[in-house]
Every structure is written in structure tokens, then in C-alpha cells.
Amino acid sequence: MATCVNQLDFILNTVAAAHNLDAYLQLLKGDGTMLLVGAPAEPHLPPGVLDLILKRCQLAGSLIGGIRETQEMLDFCAQNKIVSDIEIIPINYINTAYERMLKSDVKYRFVIDMSTLH
């Protein structure tokens, strides 16, 4: 992360657990934005405001978008070769996946293969 200090215009923070926001705010360039979409059960520690003020950065939050916004995001990712690591699971694995999530035994985001839905 040290090589990315003051390098990023935008951070999409999807982490749904409380974590140190300051470590990520330091990565933003001037006028950068970090958007929080993960909702942790415990609140984040308040970030320091120095990076926000000196670099005119923004810390924002958003709920998930609708179908149109989701499609725009998927199109943008496809055009820019932005991918994520996922674990595709059949629908009958959903309870096991949930148990694994509770145990923090998840390396990638679970994606249900809808062709297994009968």
C-alpha cells in the first residue's frame, strides 16, 4: 500500500467489517473520493480529518444502485477489464456458504449459479 499513497482518484470500499479508514484515505490523490458501500455490524473508528481537509478528499456512502446503475457498472467493468475473484456455487450449497461466511472461511465473493435453481 505504501507505493499507492496519493495515487488513487477513487476507492470503492465494499468491506462489511469495521476497519481503519485512514489507511485507505492516505491512498487518495487530491480531490479523491472513497465510497463506502459495505455496512459493518460495528461502527468504523472515526477517520482523521487531516487527509480529508488538506487534500480536499471526500468520504461518502451509498446504498446499492438499482438495475440501471448495476448494469452501467458491469458495462464499465467489462470495457475496462475490471474483474473480481468469485467462488461460483450451486443453489444447494447456499446453507454451507452461509455457514462458511459466519466462520470467516470465505476468500472470494460467493456467486450462485442460477442454472442450478430448479
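- The shortest side-chain heavy-atom distance between Pro90 and Asp113 does not fall under the 4.5 Å cut-off.
- Side-chain heavy atoms closer than 4.5 Å link hydrophobic residues (I, L, V, M, F, W, Y) into clusters, and following such links, possibly through other members, connects Val5 to Leu8.
- Clustering ILVMFWY residues whenever any of their side-chain heavy atoms sit less than 4.5 angstrom apart, transitively, puts Val106 in the very cluster that holds Leu102.
- Judged purely by atom type and a 3.5 angstrom limit, Thr33 has no side-chain atom pairing as donor or acceptor with the backbone of Gln58.
- Residues Arg109 and Glu87 fail the side-chain proximity criterion, which asks for heavy atoms closer than 4.5 Å.
- Between the Asn80 side chain and the Ile82 main chain, no donor and acceptor come within less than 3.5 Å of each other.
- Atom CE of Met1 has more than 12 heavy atoms from other residues, nucleotides or ligands within 6.0 Å.
- Using a 4.5 Å heavy-atom cutoff, the side chains of Tyr98 and Asn95 are not in contact.
- Residue Ile86 qualifies as enclosed at atom CD1: its count of foreign heavy atoms under 6.0 Å is above 12.
- Contact of the Leu21 side chain with the His19 side chain is registered, since non-hydrogen atoms from C-beta on lie closer than 4.5 Å.
- No more than 12 heavy atoms of other residues, nucleotides or ligands sit less than 6.0 Å from atom CD1 of Ile88.
- Looking at every heavy atom in both residues, Ile89 comes nearest to Ala97 through CD1-CB, 3.7 Å.
- Of the possible donor and acceptor atoms, one in the side chain of Arg100 sits under 3.5 Å from a partner among the backbone N and O of Asp105.
- Between the side chains of Gln71 and Asp75, at least one donor N or O lies within less than 3.5 Å of an accepting N or O.
- Annotation: the span from Asp85 atom CG to Lys107 atom NZ amounts to 8.0 Å, rounded to 0.5 Å.
- Side-chain contact check for Leu36 versus Leu59: some heavy-atom pair is nearer than 4.5 Å.
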